[in-house]
Amino acid sequence: MKKLLLIQKRGKSLCGRTLPFIFFYLFVATSVRAQILRGKITDNKNEAVVGASVIVKGAQKGTVTNAEGNFSIQVEKDDKLIISSVGFKKQEINVSGRNTLNIVLLEDIESLEEVIVTGLFDKRSRMESSVAISVLNSKQLAAVIPVSAVDLLKNIPGVYVNSSLGEIRNTVYSRGVSVGSNDGASGYYYVSMQEDGLPITNATFGNYGPDFFLRADATLGKLEAVRGGTASILGNNAPGGIFNYVSKTGGTVFQAEVRAKYGLEGNGKNPFYRTDFNFGGPLNNDKSITYNVGGFWRQSDGARNPGYPMNNGGQIKANIVKKFKGGSVKLYAKYLNDKNAWFEFLPTTGFSHPTLPAGVEQTNSVLIPAIKASFKVNDTNETVNYDSRDKINSKDISFGLNFDKDLGNGFVIDNKMKYSDKSSVWNTTGVVYPTALDNIIFYAILGQIAQFGTYKFNDLATGKNLATVMQLPNMINGQFAGFNFPVLNSSLPGESIQKNSLYFNPLFYTSNKMGEFIDQLTITKRLNKMSFTAGAFYAVSNLTRRNGSAGLAMTTMLTPHPELTSITYDDFAGNTYKLTAPNGAMGSGSSSAINLYDISQKQIALFLGHNWTISDRLDLDWGIRYEGIGIDGTNQIATSSNDGTGGVDKNPLTTYDNATAKVTSVYKYNKSLSTFSMSAGLNYKLADNYAVYGRYSQGNKAPDMGIYIGVDNDASAKFLDPQSQKVQQFELGFKAKTNNLSLFITPFYSILDNVPIQQIGQETDDISSQYEAPILYNKYETKGVELEANYNLTSALSIRGVATLQSSKAVRFQAWLLGANGKADDKIESYSGNETDNNANLIVRISPTYSRGKVYASIDWSYMGKRAANVPNAFYLPAFDQTNLNLGYNLTSKVQLQGNINNVFNQIGVMSWSAPGGFPQALDRQGFTKAQLEANPNAVYSTISIPPRAFFLSINYKF
């Protein structure tokens with residue numbers, strides 16, 4: 001017993017002395033095994049990767065890189081680290097007892113695992129989805145100098161983009177789903193252009209669209225593009241596609257960037273200045289509240305300088321995000337104030353090989369020089385001051401709130417809402433076509449038919465006489481038999497374009513003011529292997545529009561800029577009338593006929609989507625959408641006449657101010673239209689990195705506001721009958737992802753039905769006698785395949801390519817041949833079976849990129865195959881290619897120099913055209929036939945080409 005007690009006593013004493021040594025040993029042993037690892041993560045351009053995730057594999061600990069790309073973390077010598085960041089390939093690295101690491105992440109441009117938010121009922125990766133979707137990240141976007149925001153979509157397969165007009169009034173469509181427009185009108189008819197998941201504007205009509213209010217700048221984080229498919233369900237009246245420009249939000253560390261850019265457009269002739277900025281970061285200690293602010297300012301004389309800046313203005317955008325458990329709230333705002341003109345058509349000869357006439361260059365402009373005019377609105381005392389240098393002044397003040405929350409039990413709610421106050425005020429010209437002085441159309445435009453006498457055309461600036469023409473009655477056997485227009489003398493420039501002609505320049509004045517509220521709510525219920533998404537979309541758009549003219553100007557066909565012309569008229573009684581004011585405009589100072597429109601569009605849609613993971617490899621999704629659109633409006637149509645008192649100055653010999661105008665007719669309408677759409681797809685994973693899918697979609701497109709704005713006479717009001725167009729699409733898809741290759745192959749078949757064609761005829765030579773021919777409805781079909789691939793040849797060299805191979809034809813196409821004045825000889829001509837216009841059989845873009853150390857470079861080579869100029873297939877617009885070069889050098893980790901050359905070889909590529917004959921014949925593209933071409937193969941017509949060569953130099957500073 002004593003021995004036992006002794007042992008216990010000794011043991012107790014031993015423990016008392018030994019335990020501290022044991023703990024000390026364990027501490028030392030642990031310290032030896034654990035260590036602080038410090039490292040830096042950069043990309044292959046040696047730029048810091050901010051916010052990269054560093055996680056110890058199999059452990060619940062990790063960190064993120066700071067603004068310099070640095071991190072520190074406690075590890076053990078045998079640990080493995082998993083390094084990841086959005087847009088880069090994930091890496092797994094062995095610590096192997098090291099204390100420091102320098103890690104280079106490789107870009108993963110075509111990540112199939114990146115979560116997609118556009119065009120899907122529930123968030124998922126590209127490998128899991130049965131949707132044709134492409135993603136462009138911020139690095140890809142920053143490397144190029146696009147003509148416009150939608151110019152970026154040229155990097156998307158299946159999408160046709162015409163940005164040849166400039167920054168605004170572009171055309172975008174996919175898979176042949178097009179109204180056949182090849183310039184600004186109806187350019188976005190079938191697609192939804194979005195910012196952060198909501199439409200930029202929900203109301204469109206001719207010459208008013210989303211790109212008036214869309215600019216790509218340093219705040220753009222990525223671009224997600226959906227072609228067809230689920231756009232029928234999740235797009236707002238847009239079965240052709242959804243293109244979502246996703247803005248950057250602030251991160252957990254402060255980041256900032258400033259870009260200064262200088263360029264020479266127009267083959268090195270015209271200056272370009274631009275500054276972009278973006279900065280953001282956390283607002284509170286726990287970094288649950290972040291902010292981001294950015295924008296741009298730009299002034300550009302343009303590729304074809306009219307004598308004043310083509311584009312000047314900018315925008316600022318900001319957002320604040322609060323993240324909380326299971327959700328987030330984002331507040332955002334945008335202010336845009338930008339002024340833009342667009343390029344008009346240049347005269348062209350040769351239909352097989354378009355060539356500019358002698359004395360005309362691709363850098364020439366036909367827009368009017370700086371001109372000011374004032375006029376009164378109808379018979380009111382309101383005066384409007386027109387200034388062509390203001391061009392189209394677009395403003396957008398928008399505020400939005402996005403909210404998402406996991407409610408528990410598998411329920412997730414997401415609501416996006418936005419209010420915007422938009423305006424687009426036009427002070428510009430358009431339809432600038434030659435008009436012959438020895439043709440009755442010219443005098444009809446001037447309102448001078450049967451005003452017999454001598455007309456003198458002088459250079460406004462110098463007073464030099466350019467031409468003298470008489471208007472005389474043609475008498476046969478003492479009976480009036482029409483008009484004669486003998487040219488007494490002419491030294492007018494542009495004889496190689498059109499003999500004895502001036503450019504027709506209507507001074508367009510339009511004020512569009514749009515107040516819009518848009519809201520989209522979705523509720524998702526997630527189960528074990530499926531989810532259900534129910535949603536509602538609501539939008540109300542209130543338009544107040546004034547549309548008319550500030551007058552009319554005639555300009556010489558001089559290059560590089562036209563010059564204003566003054567016009568006088570001497571009657572046979574010896575009186576001299578001044579048709580143009582001292583500023584060169586007819587109608588200046590008078591009362592102008594301004595049409596007034598008040599239109600309200602309300603749209604509500606209900607949709608339901610279902611995702612079902614049938615097995616580990618097979619996913620099914622389907623959805624339906626009901627959409628209702630109502631239009632309630634009043635159009636007040638004004639007409640003009642001679643006031644008989646001599647006008648503003650009471651002098652009847654100054655005819656430019658003798659007009660008076662008032663509202664003479666009012667049309668009211670209240671129309672509604674509803675549609676039902678559906679889409680379903682299956683996605684099957686052949687293996688972890690390979691998948692196939694199939695989808696069928698049936699969508700509808702209800703008419704936009706344009707059909708209602710067109711109500712301006714008794715006939716158009718009587719026959720106003722809005723009908724939806726139908727779009728069907730079948731598509732298959734193959735997706736592959738290996739270490740070095742991402743590949744997407746998507747065959748498709750689309751059918752566009754019930755497409756209206758509206759043509760305008762004239763009862764007499766007087767253009768005020770125009771009438772609308774009855775609407776004809778047509779049907780198109782397009783078969784093709786989209787290809788998208790990215791291949792990493794080495795760690796420094798990769799190639800990205802997109803291509804569209806397609807064949808499009810008019811299954812049913814009828815158009816009016818209007819013949820001579822009057823309806824008597826109008827007849828319907830069928831062109832069924834012909835190729836559709838502006839659908840090239842092949843569109844390709846290949847972009848090799850090299851990046852190593854401080855140097856990076858890329859080439860964008862694109863090819864547009866030949867395409868039918870119109871559905872009558874009168875001729876084909878020839879194929880062309882374009883090469884852009886991008887070079888960059890990192891002076892330091894924070895300072896980067898970049899040089900860009902667009903259209904390196906100064907190629908001419910025709911994107912748009914107008915028919916021969918000058919105004920108004922030039923406007924009827926579909927009415928121009930093979931027979932007319934064969935009768936006059938040397939006729940001068942008009943085209944717009946891709947912009948000529950341009951040079952840019954940028955410096956980027958990140959801090």
Side-chain angles (χ1 to χ4, degrees), residues 433-458 465-492 494-495 497-504 552 554 565 567-580 586 640-642 644 652-653 655 658 759-771 773 816-827 829 915-924 927-929 931-940:
Y433 297 116
T435 305
L437 309 184
D438 52 0
N439 188 295
I440 193 172
I441 293 294
F442 182 87
Y443 300 90
I445 292 171
L446 269 57
Q448 290 290 119
I449 289 181
Q451 301 299 309
F452 302 118
T454 304
Y455 291 79
K456 296 178 181 179
F457 303 87
N458 299 329
N465 179 253
L466 300 173
T468 304
V469 182
M470 295 191 72
Q471 181 182 180
L472 301 172
N474 183 26
M475 308 299 293
I476 299 177
N477 297 324
Q479 300 294 319
F480 177 74
F483 301 88
N484 283 325
F485 302 96
V487 178
L488 302 185
N489 65 276
S490 176
S491 59
L492 286 166
E495 290 293 294
I497 300 170
Q498 184 168 291
K499 192 175 180 62
N500 299 324
S501 298
L502 293 170
Y503 278 135
F504 168 59
L552 175 66
M554 293 293 175
T565 307
I567 307 173
T568 59
Y569 152 59
D570 297 333
D571 67 12
F572 292 139
N575 299 309
T576 298
Y577 295 84
K578 294 182 178 180
L579 304 186
T580 54
M586 290 166 275
S640 180
S641 60
N642 193 310
L653 299 180
T655 64
N658 287 356
Q759 293 169 271
I760 306 297
Q762 289 181 205
E763 292 286 3
T764 67
D765 287 329
D766 188 344
I767 60 172
S768 65
S769 68
Q770 291 180 343
Y771 65 89
W816 286 99
L817 289 183
L818 299 176
N821 289 335
K823 302 175 184 177
D825 62 346
D826 292 356
K827 65 178 181 178
E829 186 79 11
F919 184 85
Q921 294 93 329
L923 301 177
D924 189 8
F928 184 63
T929 65
Q932 292 174 321
L933 174 59
E934 291 168 357
N936 190 4
N938 298 318
V940 176

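In this structure, T580 OG1 and K578 NZ are separated by 9.0 Å, a value rounded to the nearest 0.5 Å. One distance of note links OG1 of T454 with CD of Q471; it measures 10.5 Å at 0.5 Å rounding. Expressed to the nearest 0.5 Å, how far CD of Q498 lies from CG of N439 amounts to 8.5 Å.
Between the side chain of D571 and the backbone N or O of N575, at least one donor-acceptor pair lies under 3.5 Å. Side-chain N or O atoms of N642 include one that pairs as donor or acceptor with a backbone N or O of G644 at under 3.5 Å. One N or O on the side chain of S501 and one on the backbone of K499 form a donor-acceptor pair closer than 3.5 Å.
Of all non-hydrogen atoms in F442 and M554, the two that sit nearest each other are CE1-CE, 3.7 Å. Closest non-hydrogen pair, Q921 versus P916, comes out as CB-O, 3.7 Å. Closest of all the heavy-atom pairs between Y433 and F919 is CB-N, 3.6 Å. The two residues A481 and I476 make their nearest non-hydrogen contact at CB-CD1, 3.8 Å.
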In sequence, state the C-alpha distance, the side-chain angles, and the governing distance for I449 and I440, and then conclude on side-chain contact (heavy atoms from CB on, under 4.5 Å). CA-CA 7 Å; I449 289 181; I440 193 172; 4.2 Å; yes

I'd like to know whether F485 forms a side-chain contact (heavy atoms from CB on, under 4.5 Å) with L472, so could you lay out the CA-CA distance, the side-chain angles of the two residues, the decisive distance to 0.1 Å, and finally the verdict. CA-CA 6 Å; F485 302 96; L472 301 172; over 6 Å; no

With side-chain contact (heavy atoms from CB on, under 4.5 Å) as the criterion, how do Y455 and M470 come out once you've worked through the C-alpha distance, each side chain's angles and the decisive distance to 0.1 Å? CA-CA 6 Å; Y455 291 79; M470 295 191 72; over 6 Å; no

Using side chain to side chain donor-acceptor pair (under 3.5 Å), reason through N489 and N465 one step at a time and then give a plain yes or no. CA-CA 9 Å; N489 65 276; N465 179 253; 2.9 Å; yes

Checking F928 against L933 for the side-chain contact (heavy atoms from CB on, under 4.5 Å) test, could you report, in this order, the C-alpha distance in whole Å, the side-chain angles of both residues, the deciding distance, and whether it holds? CA-CA 8 Å; F928 184 63; L933 174 59; 3.9 Å; yes

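You'll find the side chain of E829 stays beyond 4.5 Å of the side chain of T929, heavy atoms only. Y577 is not listed as a side-chain neighbour of T568, based on a closest heavy-atom distance of 4.5 Å or more. Using a 4.5 Å heavy-atom threshold, the side chains of T565 and Y503 count as separate. Within the 4.5 Å cutoff, the side chain of Y569 has no heavy atoms near those of the T576 side chain. Between L492 and L437 there is a side-chain heavy-atom pair separated by less than 4.5 Å. Using a 4.5 Å cut-off on side-chain heavy atoms (C-beta onward), Q451 and Y443 make no contact. Taking the side chain as every heavy atom from C-beta outward, N500 and S490 approach each other to under 4.5 Å. Residues L446 and L579 form a side-chain contact, since some pair of their non-hydrogen atoms from C-beta on lies under 4.5 Å apart.
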